[in-house]
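No hydrogens, no waters, no symmetry mates; every other heavy atom, side chains included, goes into these values. Numbering of ligands and ligand atoms starts at 1, following listing order. Every value quoted in this text rests on a predicted model; they were computed, and no experiment measured them.
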Amino acid sequence: MDIDVFTLFPGWFDWFRTQRHVANALALGHSVECVDLRATTPLSGGAVDDTPFGGGAGMVLRVDVMEAALRARYGRDPVELRAERRVIALTPGGRQLDDALAAELAAEPALTLLCGRYEGFDERIVEHFCTDAVSIGRYVLAGGELAAMVVMDTVLRKLPGALGHADSALEESFSPALEGAPEYPHYTRPAEWRGWTVPEVLLSGHHERIREWRREQSRRRAHE
Ligand code: ADE
């Protein structure tokens with residue numbers, strides 16, 4: 001999978017690239033590349049945003065700035081680009097990211113993530129250049145960069161080989177394997193700590209009973 005992130009802060013992603021599962025994905029041939037919106041801005045002084053029409057606080061990322069960056073990267077009109085790849089605006093009002101959306105995106109060969117800043121995007125960016133608008137939750141971040149990392153984190157860990165253990169991403173919270181329910185509780189050594197014990201069944205070595213117990217715990221958590 002090739003992921004391009006359009007951002008005003010490409011340096012933020014240096015740390016992200018070094019994280020184990022991301023580094024694993026990169027070593028497998030996937031890519032995470034940043035495109036600096038200031039590098040191609042047609043405005044003088046590296047400007048990328050402007051005050052909102054109609055008044056109001058803050059600044060809005062300009063549509064001409066985003067178009068210039070997309071054209072420079074892909075060599076074509078961004079209106080046509082979205083027929084070929086998912087172009088996603090990170091914005092608090094978008095479709096909420098969940099496991100199903102992460103799985104959907106993990107099946108794509110390429111993603112383009114657009115990070116807004118300040119008050120966000122000129123709406124024409126979302127309307128004409130994007131296939132999706134995605135939110136990581138009903139709260140407002142200072143920009144889309146952390147949201148882009150959250151999206152990439154959950155998508156990349158679903159790619160085969162990104163996690164050390166092949167099954168780790170299959171049976172986890174909200175996955176189809178658990179019928180969309182939260183994951184069951186985990187325990188490890190020591191089997192007793194300050195009198196707090198581990199459920200007996202997990203020490204039994206009885207795989208069928210363990211499976212049943214886990215499903216039951218997962219369903220119970222879903223109800224709670
Ligand atoms: N940009 C600012 N806040 C955001 C959020 N909650 N989700 C996605 N992008 C954002």
Would you mind writing out a table of all protein N or O atoms found under 3.5 Å from any N or O atom of ligand 1, naming both atoms and giving the distance to 0.1 Å?
residue  : atom  : partner : partner atom : Å
ligand 1 : 3 (N) : Leu141  : N            : 3.0
ligand 1 : 6 (N) : Gly137  : O            : 3.1
ligand 1 : 6 (N) : Tyr139  : O            : 2.8
ligand 1 : 7 (N) : Ile136  : N            : 3.0
ligand 1 : 9 (N) : Thr91   : N            : 3.2

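Scanning for ring-ring contact (aromatic ring centres under 6.0 Å, His included) contacts around His186 gives Tyr184, with sequence neighbours left out.
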Run Asp2 and Ser31 through side chain to side chain donor-acceptor pair (under 3.5 Å) and show every step you take.
CA-CA 5 Å; Asp2 291 328; Ser31 74; 2.9 Å; yes
Salt bridge (charged side-chain N to carboxylate O under 4.0 Å, His left out) between Arg220 and Glu224, intermediate numbers included
CA-CA 6 Å; Arg220 183 176 300 171; Glu224 282 166 3; 5.2 Å; no
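The aromatic rings of Phe13 and Phe16 sit perpendicular to each other, their planes meeting at more than 60°, with 30° as the lower class boundary.
Here the side chain of Arg76 pairs no donor or acceptor atom with the backbone of Arg71 at under 3.5 angstrom.
Put simply, the side chain of Met152 reaches to within 4.5 Å of the side chain of Val5, judged on heavy atoms.
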